[in-house]
Undergrad: 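The structure's right below; bear with me while I get my questions together.
This chain uses plain numbering: 1 for the first residue, then up along the sequence. Since the model is a prediction, treat every value here as computed from it, not as a measurement. Scope of the values below: all heavy atoms of this structure, side chains included, with no hydrogens, waters or symmetry mates.
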Amino acid sequence: MLFGKLIMENENSKHTTEDENFTNKRRKIEVETQKVIINGSYVEPNFIKTLSEGFCKKKELYFENGAKIISNPFTCCVLPDFLQPKEFTENLKEEIEEIEVELKLSDLYQFKQSKDLSTCTDRSISLLRDMIYGAFLEWMKRITNIPLNDKVDISCSCYTHTDHLLCHDDELEGRRIAYIYYLVPEWEKEYGGRLDLFNMVNGSPADIATSFIPEWNNLIFFEVSPVSYHQVSEITAYKTRTSISGWFYGPPMKRNVRPTESILFQSPSSIPVDILQWINPTYLEPESQTKIRHSFEESSEIELLDFFQEEKYEEICSILNSNCIKWQRKGPPCRRNYEEIVNMDEMPTIVKECQALFCSEPFLLILSNITGLRLHPACSEERIEMAEVNTSIRKWSPGSYTLLHDQSFFEFPTLNVGLCFNCSGWDIEHGGFTSYVAKDEYEELLRVDPKQNTLALVYITEETSNFVKYINCRATECPNPCFQDIFLVYCEKE
């Protein structure tokens with residue numbers, strides 16, 4: 001009886017295989033004969049004329065077919081149900097899900113991206129590529145009145161939980177039109193992954209003015225310009241946001257001169273501070289300072305554990321976590337997003353003392369002894385001036401970050417010093433670490449993690465800078481999703 005059952009199962013398996021082969025052959029024929037076209041309502045002459053006029057004159061328009069042009073904060077066009085037929089979009093999604101993607105990770109972004117799809121041989125992707133290089137390119141020329149050339153970038157991007165793309169303008173030589181085509185499931189606002197557009201204040205992006213929730217088969221495009229600042233907000237759900245995006249190219253536009261920021265360096269503070277009450281006595285001993293100096297001179301960086309005396313450290317941790325501290329948001333978002341103490345006069349005494357300690361002449365002498373740098377006249381037989389310092393007390397929470405930008409690199413070497421508060425048990429998977437990188441390089445040279453009561457010293461040249469990695473939504477799962485730090489930059493004066 002068992003033998004007979006096996007025979008029947010084999011017969012059923014044979015029929016199943018034949019059915020599958022027939023289905024696969026039929027699907028192959030359908031795929032080979034399928035076409036991809038732009039939604040017919042979008043290629044009608046009257047629609048093209050009206051859309052073009054609205055886009056070029058930056059007019060806000062809404063159409064019966066669901067298309068719209070928004071003009072605030074910059075001109076952006078949204079076209080729902082863009083490609084036809086439905087079977088093509090479904091086949092395209094299946095092929096996109098099978099292609100290889102690579103994790104992209106930097107100060108600005110975290111997501112997965114494919115290589116350029118120009119060489120992909122998958123049927124639906126090839127059809128889409130040919131359509132973009134052909135009919136879509138010609139359609140875009142008519143809509144924008146820009147003499148676009150034949151160069152087009154096209155790739156697939158996949159954003160999953162905690163992935164993001166922070167505020168940027170897309171400006172790069174020759175880029176004229178940015179486009180995004182969505183292949184997402186049903187999407188809710190609370191999932192994140194929105195396309196956020198920023199308004200401009202005094203030549204820099206400020207607040208989010210408009211947001212678009214990704215929708216299946218929707219196309220969004222806008223002109224790349226000095227004001228086209230946008231971002232993809234962090235994916236906060238365990239969903240995948242898939243899109244095909246890229247740029248059309250044309251005659252380069254003249255780029256605006258970006259606003260400059262002045263970094264204020266000050267002379268040492270005159271406020272008296274008793275360093276014996278603050279600093280761990282171990283780090284005041286000459287023998288310890290000599291050992292630290294030898295280590296620092298070998299690697300140009302060191303971490304000093306238990307740097308503050310425990311009672312002082314706990315006291316300032318408690319104050320910084322309390323409601324008596326007034327924090328102010330620090331931007332612009334194309335460079336940074338965190339909170340900072342701005343008015344030190346309004347701060348509790350211990351906060352003032354902490355800042356004054358790091359800016360005091362006795363502390364500069366300690367730094368000179370443990371680093372070998374010429375920060376204090378007493379450390380050198382040559383005639384030198386007292387070093388200058390830039391200081392800030394910052395608060396880091398989900399959504400906080402700093403980005404590398406044109407002015408991230410000083411024209412002279414500096415000593416970076418940082419001490420974190422209320423960061424016990426912080427997981428670097430949440431972000432918030434400081435990453436040091438070389439100019440025009442992507443490889444990380446050094447990472448400094450937030451550590452409780454640990455003074456981090458890093459000496460960098462003018463070819464090196466740092467950024468604080470975006471703090472993602474996982475931090476909200478921690479008992480304390482925020483931490484603070486005091487960060488200082490010291491520069492020697494000849």
Side-chain angles (χ1 to χ4, degrees), residues 28 30-39 42-43 77 79 82-85 87-106 108-144 146-160 163 165 168-184 195 214 216-225 228 230 232 240-253 442:
K28 183 177 180 181
E30 290 175 349
V31 168
E32 288 179 348
T33 57
Q34 75 173 337
K35 300 291 183 182
V36 54
I37 60 172
I38 298 173
N39 185 323
Y42 297 147
V43 295
C77 185
L79 303 176
F82 185 66
L83 295 182
Q84 297 176 339
E87 292 76 19
F88 168 80
T89 59
E90 293 173 346
N91 290 334
L92 178 64
K93 179 70 184 315
E94 290 180 5
E95 291 183 4
I96 287 294
E97 289 177 342
E98 295 298 320
I99 64 175
E100 184 178 349
V101 291
E102 178 183 358
L103 177 63
K104 299 290 183 178
L105 193 63
S106 76
L108 183 65
Y109 49 72
Q110 174 187 300
F111 63 95
K112 276 70 67 180
Q113 187 177 52
S114 70
K115 295 180 180 179
D116 193 285
L117 298 178
S118 59
T119 58
C120 183
T121 58
D122 292 348
R123 179 63 177 169
S124 297
I125 295 176
S126 298
L127 285 170
L128 176 68
R129 180 193 63 232
D130 293 344
M131 189 273 292
I132 290 177
Y133 288 161
F136 189 32
L137 172 58
E138 294 305 314
W139 183 88
M140 191 64 73
K141 289 178 181 178
R142 294 179 64 187
I143 298 298
T144 63
I146 297 173
L148 304 173
N149 57 39
D150 293 336
K151 181 179 179 181
V152 183
D153 289 338
I154 173 173
S155 63
C156 167
S157 298
C158 298
Y159 291 75
T160 55
D163 287 347
L165 174 58
H168 65 290
D169 61 8
D170 269 0
E171 278 201 292
L172 196 66
E173 188 74 10
R175 286 181 181 174
R176 296 301 305 270
I177 297 292
Y179 69 91
I180 310 101
Y181 173 70
Y182 294 107
L183 290 167
V184 295
L195 176 64
W216 173 266
N217 200 15
N218 267 25
L219 176 82
I220 295 179
F221 68 88
F222 56 86
E223 185 173 6
V224 176
S225 75
S228 60
H230 59 284
V232 176
T240 300
R241 175 192 186 275
T242 303
S243 64
I244 294 172
S245 58
W247 297 271
F248 292 94
Y249 287 75
M253 291 181 65
Y442 295 98

Undergrad: Considering only heavy atoms from C-beta outward, does the side chain of D122 approach that of I99 to under 4.5 Å?
TA: yes

Undergrad: Whether the side chain of R241 engages the backbone of V184 through a donor-acceptor N/O pair (distance < 3.5 Å, no angle test) should be reported.
TA: no

Undergrad: Is there a donor-acceptor contact under 3.5 Å from the side chain of D130 to the main chain of L127?
TA: no

Undergrad: Please round to the nearest 0.5 Å and tell me the distance separating atom CG of L183 and atom CH2 of W216.
TA: 5.0 Å

Undergrad: Between R176 and T144, is any pair of side-chain heavy atoms under 4.5 Å apart?
TA: no

Undergrad: Do you see a donor-acceptor pair shorter than 3.5 Å between the side chains of Y181 and N217?
TA: yes

Undergrad: Tell me, do Y249 and D153 make a side-chain contact under 4.5 Å, heavy atoms counted?
TA: yes

Undergrad: Mind checking the CG-CD spacing from L105 to Q110? Nearest 0.5 Å is all I need.
TA: 5.5 Å

Undergrad: Identify the two heavy atoms, one from P147 and one from P251, that lie closest to each other, and give their separation to 0.1 Å.
TA: O-CD, 3.4 Å

Undergrad: In the structure I gave you, are the side-chain heavy atoms of M131 and I38 within less than 4.5 Å of one another anywhere?
TA: yes

Undergrad: Quick check for you: to the nearest 0.5 Å, what is the distance between I220 atom CD1 and F82 atom CZ?
TA: 12.0 Å

Undergrad: Going through the checks in order, is the ring-ring contact (aromatic ring centres under 6.0 Å, His included) test met by H168 and Y109?
TA: CA-CA 10 Å; H168 65 290; Y109 49 72; 8.7 Å; no

Undergrad: Could you state the interatomic distance from OH (Y133) to CG (L128), rounded to the nearest 0.5 Å?
TA: 10.0 Å

Undergrad: Measuring from L137:CG to K141:NZ, what's the distance to the nearest 0.5 Å?
TA: 4.5 Å

Undergrad: Grab the two heavy atoms, one from F248 and one from M140, that are nearest each other, plus how far apart they are.
TA: CE1-CE, 3.9 Å

Undergrad: Evaluate the side-chain proximity of E223 to I146: yes if any heavy-atom separation is below 4.5 Å, no if none is.
TA: yes

Undergrad: Any non-hydrogen side-chain atom of V36 less than 4.5 Å from a side-chain atom of L92?
TA: no

Undergrad: Which atom names give the shortest non-hydrogen contact between D163 and C158, and what distance separates them?
TA: OD2-O, 3.8 Å

Undergrad: Of all the heavy-atom pairs spanning F88 and K35, show the shortest one and how long it is.
TA: CB-O, 4.0 Å

Undergrad: Between F221 and W139, how do the two ring planes meet: parallel, tilted or perpendicular, split at 30° and 60°?
TA: perpendicular

Undergrad: I'd like to check D116 versus I154 (side-chain heavy atoms, cut-off strictly below 4.5 Å). Are they in contact?
TA: yes

Undergrad: Ignoring hydrogens and geometry, is there a side-chain-to-backbone donor-acceptor pair from S155 to G246 under 3.5 Å?
TA: no

Undergrad: Just checking, is any N or O donor in the side chain of K93 or T242 under 3.5 Å from an acceptor N or O on the other one?
TA: no

Undergrad: So does K112 pair up with E102, basic N to acidic O under 4.0 Å?
TA: no

Undergrad: Main chain of D169, side chain of S228: is a donor-acceptor contact present, judged purely on distance under 3.5 Å?
TA: yes

Undergrad: Compare every heavy atom of S126 with every heavy atom of C120, then report the nearest pair and how far apart it is.
TA: O-OG, 3.1 Å

Undergrad: Any side-chain to backbone donor/acceptor pair from R175 onto D170? Under 3.5 Å, distance only.
TA: yes

Undergrad: Quick one: does any side-chain atom of S243 pair with a main-chain N or O of I180 as donor and acceptor, under 3.5 Å?
TA: no

Undergrad: Kindly determine whether I244 and I96 satisfy side-chain contact (heavy atoms from CB on, under 4.5 Å), including the steps that lead there.
TA: CA-CA 9 Å; I244 294 172; I96 287 294; 3.9 Å; yes

Undergrad: How many angstroms lie between atom CG of L195 and atom CG of N218, to the nearest 0.5 angstrom?
TA: 11.5 Å

Undergrad: Please find the pair of heavy atoms, one from L117 and one from C156, that lie closest to each other, and give the distance.
TA: CD1-N, 4.2 Å

Undergrad: Would you call the rings of Y159 and F111 parallel, tilted or perpendicular, taking 30° and 60° as the class edges?
TA: parallel

Undergrad: With a 4.5 Å cut-off on side-chain heavy atoms, are Y179 and I132 touching?
TA: yes

